[in-house]
Amino acid sequence: MISYKRILLKVSGEVLMGDQPFGIDLDTVARIADEVIACVKLGAQVALVIGGGNIFRGLAGAAKGMDRVSADHMGIMATIMNALAMQGVLKSKGIDARVLSAIAMPTVCETYSPAQGIHHLQSGRVVICAAGTGLPFFTTDTGAALRAAELQCDALFKGTSVDGVYAEDPKKHPNSKRFDRITFSEILAKDLRIMDPAAIALARDNGIPVIVFSIREPGAVLQVLKGAGRFTIVTKD
Ligand code: UDP
């Protein structure tokens, strides 16, 4: 039994580096692809948003004096490379997947539209939403919340490197309080940085629960889909 029929899984670019210091580790992409496939085989419809931080972050370019808009466009390109890697690996494993990019690149992939995304999901294809929101000054977390709302997803799965939401960064404060459940308002009031505030507000306003879990834990996505395993669920009340 699955707890959610249609999910949006956000994977940060950093996860795709595996143990490398930079770039795309295809073995790690394959591991995440297997997690997605396990969910599809259980009857879930899966849309993915993948970050680009393993290749380029706009803020890093801006810090070195680049104009922010060009730097963010580079970050957006990075998300498209990651999306193509995931599509390639999923297809090599016999799973139909489509990259839908927020920036038109008709010779490379389809252009994103909500109707096309929903059509592919209903046809059993994995939809990989690339290029974030397509706009500079945004993040792929906001892109993930936006796509979750547009594609009428039942939940936003936020795969991170920790097993839920903590009052303070658990890597710096090992005794920090961990929440099994928390509300969007508490996240915003306590300024807990699990996703940027724009993403939190979008999920809250559209009533989409956000489930935070460690994607480094093998099998975690499937466990969370079944409502099991270790995670924090963020809800309206
Ligand atoms: N980006 C952007 N608009 C978006 C999504 C991403 O400009 O809607 C750029 C931004 O420069 C960002 C980079 O793409 O730094 C990579 O995205 P993000 O930092 O969200 O990736 P993650 O941290 O999830 O790997």
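As the structure lists them, so they are numbered: ligands from 1, and atoms in each ligand from 1. Worth knowing before you read on, the calculation uses all heavy atoms, side chains too, and leaves out hydrogens, waters and symmetry mates.
Checked against a 3.5 angstrom limit, the closest N/O atoms of Val11 and ligand 1 fall outside it. For a threshold of 3.5 Å applied to N or O pairs, the pair formed by Arg57 and ligand 1 contains at least one separation below that value. For Phe56, no nitrogen or oxygen atom sits less than 3.5 Å from a nitrogen or oxygen atom of ligand 1, counting backbone and side chain alike. Considering backbone and side-chain N/O of Thr79, none are found under 3.5 Å from N/O of ligand 1. Between Asn54 and ligand 1, a contact under 3.5 Å exists for no N or O pair. Taking any N or O of Ala71, backbone or side chain, none lies under 3.5 Å from an N or O belonging to ligand 1. Annotation: Gly13 places an N or O atom under 3.5 Å from an N or O atom of ligand 1; distance criterion only. When only interatomic distances are considered, the shortest N/O to N/O separation between Ala131 and ligand 1 does not fall below 3.5 Å. Remark: ligand 1 and Leu135 share an N or O pair separated by less than 3.5 Å (distance only, no angle test).
In this structure, Ser161 and Lys171 have side chains that are in contact, with non-hydrogen atoms separated by less than 4.5 Å. Side-chain contact between Leu225 and Phe157: present, with at least one pair of heavy atoms (C-beta onward) separated by less than 4.5 Å. Between Leu90 and Ile128, the closest side-chain pair of non-hydrogen atoms falls below 4.5 Å. Inter-residue side-chain proximity for Asn54 and Ile24 is flagged as met; some heavy-atom pair is nearer than 4.5 Å. A 4.5 Å side-chain heavy-atom check between Thr232 and Ile194 finds every atom pair outside the cut-off. Residues Lys226 and Met1 are not in side-chain contact: their nearest non-hydrogen atoms beyond the backbone lie 4.5 Å or more apart.
Close contacts between ligand 1 and Gly132 involve ligand atoms 5 (C), 8 (O) [criterion: under 4.0 Å to a heavy atom]. Residue-ligand proximity, Gly53 to ligand 1, at heavy-atom distances under 4.0 Å covers atoms 21 (O), 22 (P), 25 (O). Within ligand 1, the atoms closer than 4.0 Å to a non-hydrogen atom of Thr133 are 4 (C), 8 (O), numbered from 1 in the order shown. Taking every heavy atom of Gly51 and a limit of under 4.0 angstrom, the matching atoms of ligand 1 come to 21 (O), 22 (P), 24 (O), 25 (O).
Atom CD1 of Ile7 is separated from atom SG of Cys153 by 8.0 Å, given to the nearest 0.5 angstrom.
Ranking the protein heavy atoms by distance from atom 13 (C) of ligand 1 puts Gly75 CA, 3.6 Å first. Of all protein heavy atoms, the one closest to atom 2 (C) of ligand 1 is Phe138 O, 3.1 Å. At the top of the distance list for atom 21 (O) of ligand 1, counting protein heavy atoms only, stands Gly52 N, 3.1 Å. Shortest contact from atom 12 (C) of ligand 1 to any protein heavy atom: Gly58 N, 4.0 Å. Of the protein's non-hydrogen atoms, Asp72 OD1, 3.3 Å is the one closest to atom 10 (C) of ligand 1.
Under the 3.5 Å distance criterion, the side-chain polar atoms of Asn82 are left unmatched by any main-chain donor or acceptor of Gly13. Proximity of a side-chain donor or acceptor of Gln116 to a complementary backbone N or O of Ser113 within less than 3.5 Å is not detected. Checking side-chain atoms of Thr160 against main-chain N and O of Phe213 turns up a donor-acceptor pair under 3.5 Å. Put simply, the side chain of Ser123 never gets that close to the backbone of Arg125: no donor and acceptor are under 3.5 Å apart. In terms of modelled atom types and a separation under 3.5 Å, the side chain of Thr139 and the main chain of Thr142 share a donor-acceptor contact.
Only the backbone of Pro136 comes within 4.0 Å of ligand 1, judged by heavy-atom distances.
For atom 17 (O) of ligand 1, the choice among Thr140, Val69, Val49 with the nearest heavy atom turns out to be Thr140.
In this structure, Lys10 has a heavy atom closer than 4.0 Å to ligand 1.
By the rule that hydrophobic residues join a cluster once side-chain heavy atoms approach within less than 4.5 Å of another member, Val99 and Leu151 end up as members of separate clusters.
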